[in-house]
> 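Pasting in a structure now, in structure tokens, and then I'll have a few things to ask.
Note: hydrogens, waters and symmetry copies are ignored here, and every other heavy atom, side chains too, is used.
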Amino acid sequence: MKDLVKQARAAMQHAWAPYSNFHVGAAIEAADGTVYVGCNVESASYGLTICAERMALGAAVVGGARTLKRLVVTTDVDPPAAPCGACRQLLAEFGLDLEVTAVGPATEKRWTLAALLPDAFTKETLDR
């Protein structure tokens, strides 16, 4: 876990957040142990902003990962910020058993994705 936090914090240093000054880093560990990172990238057109979690997820998908094990999200605030609703929904595509840890400067919180997104709308919902 310490390595994931370290990689997420390193990614956070590259965040592009000139509007909110809210820097976020993320590290996703795939089932095979490969780690993919991302940081938030803001846009003057706010709706185009990309969250660190979705950036890391995109890198994981490009890398061929389809089964995810853990996600660490780092922020500069305590208590640390959990993934937003859009990130939760997109992460749900890859399984609700994902372990999610949010880490701030002094504290951390842990959940499963299922706890963060109860009654999730997923492919299984559509297959019923």
Side-chain angles (χ1 to χ4, degrees):
M1 179 62 93
K2 286 183 182 181
D3 187 53
L4 281 178
V5 172
K6 182 178 177 181
Q7 290 189 56
R9 286 187 197 263
M12 187 173 79
Q13 299 306 310
H14 297 286
W16 177 255
Y19 307 103
S20 71
N21 201 34
F22 186 70
H23 299 88
V24 182
I28 292 178
E29 181 182 6
D32 69 358
T34 304
V35 176
Y36 302 90
V37 299
C39 63
N40 58 317
V41 179
E42 294 181 349
S43 171
S45 178
Y46 295 123
L48 298 179
T49 294
I50 302 289
C51 297
E53 300 92 312
R54 284 184 277 152
M55 185 75 73
L57 179 60
V61 170
V62 167
R66 296 298 183 265
T67 305
L68 308 177
K69 184 176 177 182
R70 295 187 290 181
L71 165 68
V72 169
V73 180
T74 57
T75 62
D76 290 328
V77 299
D78 277 311
C84 74
C87 288
R88 295 174 193 196
Q89 181 61 48
L90 198 57
L91 288 163
E93 293 294 321
F94 298 89
L96 294 169
D97 58 345
L98 180 68
E99 298 172 20
V100 179
T101 303
V103 180
T107 62
E108 67 179 51
K109 291 183 163 186
R110 293 175 188 246
W111 311 268
T112 62
L113 187 56
L116 287 173
L117 192 63
D119 300 321
F121 181 76
T122 64
K123 182 181 181 308
E124 288 75 24
T125 305
L126 297 173
D127 289 343
R128 290 185 202 160

> Among Ile, Leu, Val, Met, Phe, Trp and Tyr joined by side-chain contacts under 4.5 Å, find the other residues sharing a cluster with Tyr36 and list them by chain and number.
none

> Under a single-linkage rule joining Ile, Leu, Val, Met, Phe, Trp and Tyr whose side-chain heavy atoms are separated by less than 4.5 Å, which residues share a cluster with Tyr46?
Tyr19

> Which residue pairs pass the salt bridge (Lys or Arg N to Asp or Glu O under 4.0 Å) test when at least one of the two sits in residues 49-59, sequence neighbours left out?
none

> If you look at every heavy atom in Ala82 and Arg88, which pair is closest and at what distance?
CB-NH2, 3.5 Å

> Can you name the residues that form a side-chain hydrogen bond (donor to acceptor under 3.5 Å, both in side chains) with Arg110, not counting sequence neighbours?
Glu108

> Which residues pass the side-chain hydrogen bond (donor to acceptor under 3.5 Å, both in side chains) test with Lys2, not counting sequence neighbours?
none

> Partners of Asp78 by side-chain contact (heavy atoms from CB on, under 4.5 Å), sequence neighbours excluded?
Pro80, Pro105, Ala106, Thr107

> For residues 59-71, pull every pair meeting salt bridge (Lys or Arg N to Asp or Glu O under 4.0 Å), keeping only residues two or more places apart or in separate chains.
Glu29-Arg70

> Tell me who clusters with Leu57, hydrophobic residues only, linked when side chains sit under 4.5 Å apart either directly or through other members.
Phe22, Val24, Ile28, Val61, Leu68, Leu71, Val73, Val77, Leu90, Leu91, Phe94, Leu96, Leu98, Val100, Trp111, Leu113, Leu116

> Mind checking side-chain hydrogen bond (donor to acceptor under 3.5 Å, both in side chains) for Asp3 and listing every partner two or more places apart, or none if nothing turns up?
Gln7

> What side-chain hydrogen bond (donor to acceptor under 3.5 Å, both in side chains) pairs are there with at least one residue in residues 112-123, not counting sequence neighbours?
Thr122-Glu124, Lys123-Asp127

> Going by side-chain hydrogen bond (donor to acceptor under 3.5 Å, both in side chains), name the residues that satisfy it together with Thr49, two or more places apart in sequence or in a different chain.
none

> Suppose the criterion is salt bridge (Lys or Arg N to Asp or Glu O under 4.0 Å): which pairs have a residue in residues 31-44, not counting sequence neighbours?
none

